[in-house]
K.L.:
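This structure is in structure tokens; I'll ask about it shortly.
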Amino acid sequence: MKLARKKIYLITGGAGFIGSNFVHYLYEKEENIEVRVLDKLTYAANLRNLKEFESRRGFEFIRGDICDAKVVKKAMAGAQVVVNFAAETAVDRSIDDPQSFLKTDIFGVYVLLNEARKNKNLKKFIQISTDEVYGQILKGSFMETSPLNPRNPYSASKLGGDRLAYSFFATYRLPVTITRASNNYGPWAYLEKVIPLFITNLIDGRKIPVYGEGKQIRDWLYVKDHCTAIYLLTCKGADGEVYNIGGGQECTNIALARQIIKLMGKTQRDIEFVQDRPGHDFRYSLDCSKLKKLGWEPQYNLAKGLQETVEWYGANENWWRPVKQKMDQKYLTGYWGRK
Ligand code: NAD
Ligand code: DAU
């Protein structure tokens with residue numbers, strides 16, 4: 001009897017926040033798979049996110065840079081599905097020092113696409129882009145066809161990767177699908193992202209730094225809902241198409257801070273208004289009807305997702321404590337300084 005060949009997934013950036021959640025989700029969904037994670041292990045990565053798979057047959061971790069064609073070629077060999085999460089992802093850092101963003105988020109995507117072209121087994125290449133490529137929107141919501149107007153070096157670099165991926169579909173018919181998701185939260189997020197920063201500061205009895213007046217709006221997507229959407233798109237995403245993925249949970253930063261404070265039994269005095277981010281995008285909002293037509297619906301509202309996230313960080317101090325000790329201490333009191 002001939003055994004069916006195992007499906008091979010290449011997950012780049014799989015030791016980071018969303019990538020590692022996606023690896024967990026893949027193993028929940030499928031058994032007969034091989035998963036290769038290619039990750040450079042930047043400051044944002046954490047191999048402990050993948051610890052339970054270390055000795056699993058068919059799981060392989062490769063430490064390497066997506067800008068390095070040699071290592072990418074090796075990791076790509078025989079892969080049917082590639083999901084590219086690898087990126088420099090922190091907006092504040094990109095404002096301070098854009099160079100690594102241009103390299104990984106544009107050139108690295110090119111190297112991956114170029115090696116993917118040579119891979120005869122490839123069925124799907126998912127490029128994980130971001131809602132930030134549209135820029136800010138004061139009223140209404142972005143459709144996939146809306147104009148692209150990134151306003152910081154991170155989102156401008158991500159747009160480079162996003163459009164390069166599309167160009168490989170248009171030019172070479174590479175089976176590329178592009179996703180643009182809103183702000184994620186949940187387990188294993190690096191602590192410079194606002195929700196884990198606020199939760200861990202409050203656990204430590206510190207104040208939480210709200211930029212400006214806290215009036216900016218983000219649409220919060222629980223990371224597991226993001227994973228279900230990406231998985232669906234590996235099967236049903238049309239080649240050459242873009243899909244928005246939003247949680248439908250818009251909230252100002254100050255309202256978010258207050259919700260977290262309430263959940264954790266803290267008070268308004270734990271909030272500190274600090275210097276704003278330069279060029280701070282005011283609001284993101286996505287129309288996700290295209291994805292919903294494929295059968296996707298988010299399962300988490302913000303209240304439920306925040307409750308689980310607060311509980312997770314409360315129960316996993318051994319995960320985040322060493323990260324917090326090593327992280328850029330500027331974040332603790334406001335990346336751009338006090339007012
Ligand atoms: P993260 O910063 O937690 O993880 C990024 C991972 O990529 C890390 O493990 C890092 O080591 C790896 N990496 C960085 N440069 C690399 C390189 N040159 N070669 C190989 N690996 C490299 O990021 P995240 O929040 O999990 O985001 C994952 C993806 O999702 C990114 O592409 C990001 O732009 C996109 N995205 C994130 C959000 C969000 O809210 N976090 C929302 C929308 C889209
Ligand atoms: O929208 C998707 C994007 O969301 C992703 O593409 C990025 O990779 C991801 O980092 C995230 O970008 P943001 O800049 O929106 O996320 P961040 O967690 O840095 O900030 C969320 C909001 O909270 C933003 O309006 C700035 C504010 N903020 C942030 C920090 C770190 C504060 O008020 N205080 C803070 O200390």
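One is the number of the first residue; the rest follow in order along the sequence. Both ligands and their constituent atoms are indexed starting at 1 by order of listing.
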K.L.:
Looking at Tyr300, does the NZ or CZ of Lys304 lie under 6.0 angstrom from its six-membered ring centre and within 45 degrees of the ring axis?
P.N.:
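Verdict for Tyr300: a cation-pi partner in Lys304.
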K.L.:
Have Asn121 and Gln80 got a donor and an acceptor in their side chains that come within less than 3.5 Å?
P.N.:
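No, because no side-chain N or O of Asn121 sits under 3.5 Å from a partner of the opposite role on Gln80.
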K.L.:
For ligand 2, which of its N or O atoms have a protein N or O partner closer than 3.5 Å, and how long is each gap?
P.N.:
residue, atom, partner, partner atom, Å
ligand 2, 1 (O), Asp131, OD1, 2.6
ligand 2, 1 (O), Asn183, OD1, 2.8
ligand 2, 4 (O), Asn183, OD1, 3.4
ligand 2, 4 (O), Asn183, ND2, 3.1
ligand 2, 6 (O), Thr130, OG1, 2.7
ligand 2, 6 (O), Tyr154, OH, 2.6
ligand 2, 8 (O), Thr89, O, 2.8
ligand 2, 8 (O), Tyr154, OH, 3.0
ligand 2, 10 (O), Thr89, O, 3.2
ligand 2, 10 (O), Lys193, NZ, 3.0
ligand 2, 12 (O), Glu132, OE2, 3.1
ligand 2, 14 (O), Arg277, NH1, 2.6
ligand 2, 14 (O), Arg277, NH2, 3.2
ligand 2, 15 (O), Asn183, ND2, 2.8
ligand 2, 15 (O), Arg218, NE, 2.9
ligand 2, 16 (O), Asn183, ND2, 3.4
ligand 2, 18 (O), Val194, N, 2.8
ligand 2, 19 (O), Arg277, NH2, 3.0
ligand 2, 25 (O), Arg218, NH2, 3.3
ligand 2, 25 (O), Asn253, ND2, 2.9
ligand 2, 25 (O), His280, NE2, 2.7
ligand 2, 33 (O), Tyr211, N, 2.9
ligand 2, 34 (N), Pro209, O, 2.8
ligand 2, 36 (O), Pro209, O, 3.4

K.L.:
Could you tell me whether the side chains of Gln216 and Arg283 share a donor-acceptor contact shorter than 3.5 Å?
P.N.:
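There is no such pair (donor and acceptor under 3.5 Å, judged by atom type) between the side chains of Gln216 and Arg283.
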K.L.:
Between Tyr134 and Asp131, do the side chains contain an N or O donor and an N or O acceptor separated by less than 3.5 Å?
P.N.:
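The answer is no; no qualifying pair exists.
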K.L.:
Within the 3.5 Å criterion, strictly below it, is a donor on Thr228 or Asp225 matched to an acceptor on the partner's side chain?
P.N.:
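Note: Thr228 and Asp225 side chains miss the donor-acceptor criterion.
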K.L.:
How are the rings of Tyr190 and Tyr43 set relative to one another: parallel (under 30°), tilted (30 to 60°) or perpendicular (over 60°)?
P.N.:
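Geometry flag for Tyr43 against Tyr190: perpendicular rings.
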K.L.:
Say whether Asn49 and Ser20, considering side chains only, have a donor N or O and an acceptor N or O under 3.5 Å apart.
P.N.:
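Judged by distance alone, the side chains do pair up.
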K.L.:
So, does Ser182 use its side chain to make a donor-acceptor pair with the main chain of Asp219 at under 3.5 Å?
P.N.:
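Side chain of Ser182 to backbone of Asp219: a pair is present.
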K.L.:
If you draw the axis of the six-membered ring of Phe169, does the NZ or CZ of Arg173 fall within 45° of it and under 6.0 Å from the ring centre?
P.N.:
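Because its charged atom sits under 6.0 Å from the ring centre and within 45° of the axis, Arg173 does stack over Phe169.
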K.L.:
As a test of reading the model: which N/O atoms of the protein lie under 3.5 Å from N/O atoms of ligand 1, and at what distance?
P.N.:
residue, atom, partner, partner atom, Å
ligand 1, 2 (O), Thr89, OG1, 2.8
ligand 1, 3 (O), Phe17, N, 3.0
ligand 1, 9 (O), Gly16, N, 3.0
ligand 1, 9 (O), Asp39, OD1, 3.2
ligand 1, 9 (O), Asp39, OD2, 2.6
ligand 1, 11 (O), Asp39, OD1, 2.5
ligand 1, 11 (O), Leu41, N, 3.4
ligand 1, 11 (O), Thr42, N, 2.9
ligand 1, 11 (O), Thr42, OG1, 3.1
ligand 1, 18 (N), Asp65, OD1, 2.8
ligand 1, 18 (N), Thr104, OG1, 3.1
ligand 1, 19 (N), Ile66, N, 2.9
ligand 1, 21 (N), Lys40, N, 3.1
ligand 1, 26 (O), Phe17, N, 3.3
ligand 1, 26 (O), Ile18, N, 2.7
ligand 1, 32 (O), Phe85, O, 3.1
ligand 1, 32 (O), Lys158, NZ, 2.7
ligand 1, 34 (O), Tyr154, OH, 2.6
ligand 1, 34 (O), Lys158, NZ, 3.0
ligand 1, 40 (O), Asn184, N, 2.8

